[in-house]
Amino acid sequence: MTDMSAPRNATLKAGVTVTGPGYILTNDSTNNTLELTGAGDVALGVSADESERDSSGLVTGGKVAYRPLGGVLFVASKASQTYTTGLTVYAGAGGLLTTTAGSNKKVGLYIGEGVVTSSADGDLVPVMTGASVIA
């Protein structure tokens with residue numbers, strides 16, 4: 001029996017690397033590959049770890065493990081974001097979560113206690129991703 005909660009594997013678009021868990025991924029749509037979200041992209045899933053490394057230990061891209069949206073996932077946040085319980089959150093540039101709506105697509109609802117993320121990108125925050133937008 002297949003473990004439905006296990007991460008899925010995907011090939012990354014050429015030149016794309018994922019530097020850790022929690023980055024929002026989208027379908028490249030033309031090459032059957034994934035890439036980090038940008039403004040207006042529909043989120044597909046969240047990285048479970050960094051992308052592949054080469055024999056010297058450098059992150060190279062290639063493949064990445066990810067968790068499809070649905071349920072609660074920890075998502076990497078853009079720097080200096082203010083999150084309040086129940087806040088709608090969005091997929092931003094570089095595969096990072098943002099509180100800015102604009103043309104960004106909804107990833108879900110923030111379900112942690114109120115927090116302001118650090119001044120560096122990448123803090124992981126809990127998001128109920130069942131409320132994502134698929135179009």
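Quantities reported herein were computed from a predicted structural model and do not represent experimental measurements.
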Of the non-hydrogen atoms in [X] and [Y], which two are nearest, and what is the gap between them?
| X | Y | result |
| --- | --- | --- |
| Met128 | Val72 | CE-CG2, 3.9 Å |
| Ala76 | Pro21 | CB-O, 4.3 Å |
| Ser119 | Ser80 | CA-OG, 3.7 Å |
| Thr98 | Ala91 | CG2-C, 4.3 Å |
| Thr117 | Ala79 | OG1-C, 3.7 Å |

Can you check whether [X] reaches [Y] side chain to side chain, under 4.5 Å on heavy atoms?
| X | Y | answer |
| --- | --- | --- |
| Leu36 | Leu25 | yes |
| Leu12 | Thr33 | no |
| Leu109 | Thr88 | yes |
| Leu96 | Ile24 | no |
| Thr99 | Tyr83 | yes |
| Val125 | Tyr110 | yes |
| Val75 | Val127 | yes |
| Leu34 | Lys13 | no |

Can you tell me how far OG of Ser77 sits from CG of Leu97, rounded to the nearest 0.5 angstrom? 5.5 Å
From CD (Glu52) to OG1 (Thr17), nearest 0.5 Å: 12.0 Å
Between the main-chain N or O of [Y] and the side-chain N or O of [X], is there a donor-acceptor pair closer than 3.5 Å?
| X | Y | result |
| --- | --- | --- |
| Thr129 | Gly71 | yes |
| Arg8 | Ala6 | yes |
| Ser47 | Gly22 | yes |
| Thr37 | Gly92 | yes |
| Asp54 | Ser56 | yes |

Phe74: which other cluster members, linking ILVMFWY side chains closer than 4.5 Å, directly or transitively? Leu124
Please report the C-alpha distance between Asp41 and Lys105 in whole Å, then the side-chain angles of each, then the deciding distance to 0.1 Å, and finally whether the side-chain contact (heavy atoms from CB on, under 4.5 Å) criterion is met. CA-CA 6 Å; Asp41 287 339; Lys105 301 295 185 191; 5.9 Å; no
Could you go through Lys106 and Ser132, starting from their C-alpha distance and side-chain angles, then the distance that decides it, and tell me whether this counts as side-chain hydrogen bond (donor to acceptor under 3.5 Å, both in side chains)? CA-CA 5 Å; Lys106 183 174 23 171; Ser132 63; over 6 Å; no
Tell me whether Leu44 shares a hydrophobic cluster with Tyr23, the cluster being built from Ile, Leu, Val, Met, Phe, Trp, Tyr side chains joined at under 4.5 Å. yes
Would Ile111 and Leu87 show up in the same hydrophobic cluster when neighbours are defined by side-chain heavy atoms closer than 4.5 Å? no
Has Asn32 got more than 12 heavy atoms of other residues, nucleotides or ligands less than 6.0 Å from its CG? no
Residue pair Val107, Tyr90: steps toward the side-chain contact (heavy atoms from CB on, under 4.5 Å) verdict: CA-CA 5 Å; Val107 173; Tyr90 304 89; 5.5 Å; no
Hey, is Asp121 close enough to Lys78 for a salt bridge, meaning N to O under 4.0 Å? no
The salt bridge (Lys or Arg N to Asp or Glu O under 4.0 Å) partners of Asp49 (sequence neighbours excluded) come to none
Derivation of the side-chain contact (heavy atoms from CB on, under 4.5 Å) call for Thr26 and Glu35: CA-CA 6 Å; Thr26 189; Glu35 63 182 323; 3.7 Å; yes
